[in-house]
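Right, one structure below, let's go through it.
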Amino acid sequence: MAKQARGYKSSMMVDFEASFGEAPKKKAGYVLPMNSNELVKNQTLIESDTITSTRNDSQPALGRVSVEGDIVMPADYVAIGYMLKALFGAPVTSGEEATKTHTFTVGDDQPSMIVEKGFPDLNKYIRYTGVKINTMKLEYGQDQEMTISYNVMGAAREQSGTAYTSSPTVVPLQRIAQNDAYIKIGGTESRIVKEGSIEINANLDGDQYVVGGGGVRGDIPEGIMKVNGTVKALFTDTEWLDKADNGESVPVEIGFKRADGTTVSFTMPTVQFEPFDAPISGPAGVTVDVTWRAFSADGTSIVTVVVKNNQVSY
């Protein structure tokens, strides 16, 4: 009887390409922790309208290849750096050997990756090339495991009976707990936010198909980066409501920190609240749901992500 692959035995490995769709001359390979990897290849069958003098349908043709899907990873202080590199490009790294500071900002170019799903119980490895991160989203303040969801798209897929590399770097999991979270609004740490979210959108253009490549994307250009999110907060005064109505901006920092100095922070220097109100839904405490959007007032990075850990480089 055929053996079914087990999800718990699977793995996810990534490496950075030399250029879009081109493997690096020297393979690295990083095995990252994951909760799920639903990156898949889709390819349409194009129907034929050819008349054959019978009512029997003709053979269809293979259409364009679409590689895309969602990857969900546990929020953590180390592996997140590899995904941030895929979203922003290589960081500026400083600091002593034991404590490194990696600063990610918006650049003109976005790297592409090789992503491999490993099924060692079948000796099968499915590899996707030209993969770029389109969106990154995380939610905080909830009573559940904190995860980060990445929507990605790529160019092509291949299969192999051997792994991409026999000696990958297994990245250790240093989990971010919900209680590690904090948020600063207007420079002051807030104690009225119940929960929130942040999404970074690279606005990738996945429609650049080319002739001669077998129906695959010839490139996936990056677009205007957008950063937005939400907060649910206790209604204690009208300060935020007034700022939203007046179109005023405030700096916002969403971060996570441990006692040993390990941190991850997302800093948006200019954020505008969408006008909102304070509904009375019953006799209990009143809360407000606020949607916000970051913007760049002077051309500087719309968001700066700083990771402090003991990782030497990304």
Side-chain angles (χ1 to χ4, degrees), residues 75-78 80-81 83-85 87-89 91-95 99-107 135-142 146-149 174-202 225-234 236-237 239-244 246-274 276 287-309 311 314:
D76 93 312
Y77 289 100
V78 179
I80 190 174
M83 301 304 278
L84 290 171
K85 179 179 178 179
L87 185 58
F88 291 97
V92 174
T93 298
S94 61
T99 306
K100 292 289 188 178
T101 298
H102 312 278
T103 303
F104 299 85
T105 55
V106 180
T135 64
M136 170 187 185
K137 183 175 182 179
L138 67 87
E139 299 176 343
Y140 56 91
Q142 301 177 348
M146 183 176 290
T147 59
I148 303 177
S149 179
Q174 292 188 19
R175 193 180 298 277
I176 295 176
Q178 291 281 4
N179 290 344
D180 294 349
Y182 68 89
I183 180 170
K184 293 181 180 180
I185 299 177
T188 303
E189 187 165 334
S190 174
R191 295 301 176 89
I192 63 171
V193 172
K194 291 169 61 67
E195 59 187 53
S197 68
I198 178 174
E199 178 175 292
I200 302 174
N201 189 336
M225 184 164 281
K226 296 183 180 295
V227 183
N228 57 67
T230 61
V231 292
K232 178 185 284 290
L234 312 183
T236 59
D237 58 45
E239 180 184 1
W240 294 359
L241 191 148
D242 294 337
K243 289 184 181 297
N246 295 328
E248 298 179 31
S249 64
V250 293
V252 173
E253 178 182 330
I254 300 167
F256 310 91
K257 55 187 177 182
R258 300 198 316 186
D260 63 1
T262 303
T263 64
V264 173
S265 64
F266 299 79
T267 301
M268 287 69 64
T270 45
V271 165
Q272 189 167 339
F273 298 141
E274 184 177 295
F276 63 96
T287 60
V288 292
D289 293 300
V290 185
T291 299
W292 57 263
R293 182 177 300 173
F295 65 95
S296 176
D298 54 6
T300 57
S301 186
I302 191 173
V303 58
T304 298
V305 187
V306 177
V307 179
K308 295 182 180 181
N309 55 27
Q311 183 82 359
Y314 285 105

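Here the structure is a predicted model, which is why all the values come from computation and not from measurement.
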With distance as the sole criterion, is a donor-acceptor pair present between the side chains of Glu253 and Tyr182 under 3.5 Å?
-> yes
Quick one: do the Thr230 and Ser197 side chains pair a donor with an acceptor below 3.5 Å?
-> yes
Which atoms form the tightest heavy-atom contact between [X] and [Y], and what is the distance?
X: Ser301; Y: Val106; result: OG-N, 3.0 Å
X: Trp292; Y: Val271; result: CB-CG1, 3.6 Å
X: Gly95; Y: Lys100; result: O-NZ, 3.2 Å
X: Val227; Y: Met268; result: CG1-CG, 4.2 Å
X: Ala297; Y: Thr270; result: N-OG1, 4.0 Å
X: Arg175; Y: Asp180; result: O-OD2, 4.3 Å

When you measure from the side chain of Thr304 to the backbone N and O of Thr267, does any donor-acceptor pair fall under 3.5 Å?
-> no
Has the side chain of Gln178 got a donor or acceptor atom that lies under 3.5 Å from a matching backbone atom of Gly141?
-> yes
Hey, could you give me the [atom1]/[atom2] distance between [X] and [Y], rounded to the nearest 0.5 Å?
X: Ile148; Y: Ile80; atom1: CD1; atom2: CD1; value: 3.5 Å
X: Thr262; Y: Lys257; atom1: OG1; atom2: NZ; value: 13.0 Å
X: Leu138; Y: Phe266; atom1: CG; atom2: CZ; value: 5.0 Å
X: Ile192; Y: Asp237; atom1: CD1; atom2: CG; value: 6.5 Å
X: Asn309; Y: Arg258; atom1: CG; atom2: CZ; value: 9.5 Å
X: Ile185; Y: Ile254; atom1: CD1; atom2: CD1; value: 8.0 Å

Please indicate whether [X] has more than 12 foreign heavy atoms, meaning atoms of other residues, nucleotides or ligands, lying under 6.0 Å from its [atom1].
X: Asn179; atom1: CG; result: no
X: Lys308; atom1: NZ; result: no
X: Arg293; atom1: CZ; result: no

Applying ring pair (Phe, Tyr, Trp, His ring centres under 6.0 Å), name anything that partners Trp240, two or more places apart in sequence or on another chain.
-> Phe273
For Tyr140, enumerate each residue passing the ring pair (Phe, Tyr, Trp, His ring centres under 6.0 Å) test, keeping only those at least two apart in sequence or located in another chain.
-> none
Close side-chain approach of [X] to [Y], heavy-atom, < 4.5 Å:
X: Lys194; Y: Leu234; answer: yes
X: Tyr77; Y: Ile176; answer: yes
X: Thr93; Y: Gln311; answer: no

All side chain to side chain contact (heavy atoms under 4.5 Å, CB included) counterparts of Asp289, not counting sequence neighbours = Lys232
Mind running side-chain contact (heavy atoms from CB on, under 4.5 Å) on Phe276 and Leu241 for me, showing each step along the way?
-> CA-CA 7 Å; Phe276 63 96; Leu241 191 148; 4.0 Å; yes
Parallel under 30°, tilted from 30 to 60°, perpendicular over 60°: which one fits the rings of His102 and Tyr314?
-> perpendicular
From the list Thr99, Thr103, Thr101, side chain to side chain contact (heavy atoms under 4.5 Å, CB included) with Ser94 holds only for Thr101
